[in-house]
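The structure appears right after this line, and notes come after that.
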Amino acid sequence: MSMISEQGGFQWPALMRLGIKGLGLKPAEFWALTPAELLLMLGAGSGTAPMGRARLEELAKAFPDAQAGDGELKGQDNG
């Protein structure tokens with residue numbers, strides 16, 4: 001659920017429910033917070049950023065796939 005509306009503003013009813021019911025804030029405590037503080041308390045932005053193209057290419061160089069026709073993965077002992 002996004003806390004930003006399609007018009008670019010905050011979805012205040014949803015934020016109030018999460019802050020007051022979910023976090024147990026009193027109304028005065030809720031309104032004393034900045035939007036950034038509230039979103040931080042709600043866990044927004046706590047996830048890891050997705051892998052970018054540069055990191056994917058770095059990993060591909062470090063761990064290359066087997067060449068076509070090798071018949072097996074490198075580092076694998078099929079003996």
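Along the sequence shown, the residues carry numbers beginning at 1.
- Hydrophobic clustering (side-chain heavy atoms under 4.5 Å, transitive across Ile, Leu, Val, Met, Phe, Trp, Tyr) keeps L40 apart from L23.
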task: Let me see the working for R53 and E57 under salt bridge (Lys or Arg N to Asp or Glu O under 4.0 Å), right down to the final yes or no.
output: CA-CA 6 Å; R53 180 58 133 175; E57 289 174 2; 3.7 Å; yes
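- Taking every heavy atom of both residues into account, F30 and L15 meet most closely at CE1-O, 3.4 Å.
- Expressed to the nearest 0.5 Å, how far CG of L56 lies from CD of E58 amounts to 10.0 Å.
- Using bins of under 30°, 30° to 60° and over 60° for the plane-to-plane angle, the ring pair W12/W31 lands in the tilted bin.
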